[in-house]
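Take a look at the structure below.
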Amino acid sequence: MSRIFPPHSWPSGYHEALRIQEDLVQRLRFEPLTGPVETIGGVDISYSKKSRRMYAAVLVFDYARMQVIDEGTWIQDETFPYIPGMLTFREGPAATRAMEKISIRPDVMLFDGHGIAHPRFCGTASHLGLIWGIPSIGVAKKKLVGEYTEPDPEAGSATELIYKDRVVGRVLRTRTNVKPVFVSQGNRIDLDSAVRVVLACCSRHRLPEPTRRAHLRVNELRRKAEG
DNA sequence: GCGACAG
DNA sequence: ATCTTGTCGC
């Protein structure tokens, strides 16, 4: 039994959130990214514990030039606490409102967090990519679940992230001699395609440009609103 | 009970 | 995310 959860209705309790993840995970699909990628989106959320406010930004880039061509932002109060494995219910509401403000739908989207490298194989990148209807990739700075061996120090080196006998992602060295990032399938993309896209966005920094720039943008929003 | 634990 | 000083290296 599966259904499509309304994008603008979010759960307030843990158990309802759990049921939603178990429902949505059945709808995830992982296939090679077909067709040319001309635009790519980056999403990030920032929140201040003090004001309990959230700042969201969705940036759309021209993939070839890696320049911003569209932007959507949103500010609101917190509606859900931070619980490992439930990040999408904390960030989803504000991220979705920011998403509604862009006019160019990106061909693929990068998230600051995991895709299927998640306790129930339904992290933020998978969840939001699914309800937004856009191929998505998870790029996290730290592990949530799984086991792996350290990749070689050269840019491009990678090892598998294994969880419950499944390959749920890749530990990828995006730049030489920097800490690796955790790349995982969000939805409508396979792991090889995901890694290829992430590497293409990391010519100058450890994190891919779309999420890196979205992060700078939300911090700018917060500074402007709070100080 | 103990350790792990995206942002 | 937030708390926090200095510091090593491209």
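Using a 4.0 Å heavy-atom cutoff across all strands shown, A/Met54 reaches no nucleic acid atom at all. Residue A/Ser48 is classed as a sugar-phosphate contact, given heavy-atom separations below 4.0 Å to backbone atoms only. Across all strands shown, A/Gly85 has heavy atoms under 4.0 Å from base atoms, whether or not it also approaches the sugar-phosphate. Counting any heavy atom pair closer than 4.0 Å across all strands shown, A/Lys50 reaches no nucleic acid atom.
A salt bridge is absent between A/Arg173 and A/Glu154: the closest approach of a Lys/Arg side-chain nitrogen to an acidic carboxylate oxygen does not fall below 4.0 angstrom. Remark: A/Glu16 does not engage A/Arg19 in a salt bridge, criterion side-chain N to carboxylate O under 4.0 Å. Between A/Asp44 and A/Arg213 there is no salt bridge, since no side-chain nitrogen of the basic residue lies less than 4.0 Å from a carboxylate oxygen of the acidic one. Using a cutoff of 4.0 Å between basic side-chain nitrogens and carboxylate oxygens, A/Arg217 and A/Glu71 are scored as salt-bridged.
Side-chain nitrogen and oxygen atoms of A/Lys142 include none within less than 4.0 Å of the OP1 or OP2 phosphate oxygen of B/dC5. Between A/Arg222 and C/dT2, a side-chain N or O to OP1/OP2 separation shorter than 4.0 Å is present. Between B/dA4 and A/Lys143, no contact under 4.0 Å exists linking OP1 or OP2 to a side-chain N or O.
When the C1' atom is compared between C/dT2 and B/dC5, the two are found 16 Å apart, to the nearest whole Å.
Summarising the geometry, the separation between CZ on A/Phe80 and C1' on C/dA1 is reported as 16 Å, rounded to the nearest angstrom. Computed from coordinates, the A/His205 NE2 to C/dC10 C1' distance equals 13 Å when rounded to whole Å. Atom CD1 of A/Ile45 and atom C1' of C/dA1 are 12 Å apart (whole Å). Between the P atom of B/dA6 and the CD atom of A/Gln185 lies a distance of 19 Å, rounded to the nearest Å. Atom CZ in A/Phe121 sits roughly 17 Å away from atom P in B/dA6 (whole-Å rounding). Separating the CZ atom of A/Arg206 from the P atom of C/dG9 is a distance of 20 Å, rounded to the nearest angstrom. Atom NE2 in A/His114 sits roughly 8 Å away from atom P in B/dA6 (whole-Å rounding). The CG-P distance, from A/Leu161 to B/dC5, rounds to 12 Å in whole Å.
Once the 5.5 Å centre distance and the 30° plane angle are applied, the aromatic ring of A/Tyr82 is found not to be stacked with the base of C/dA1.
Using bins of under 30°, 30° to 60° and over 60° for the plane-to-plane angle, the ring pair A/Phe89/A/Trp10 lands in the perpendicular bin.
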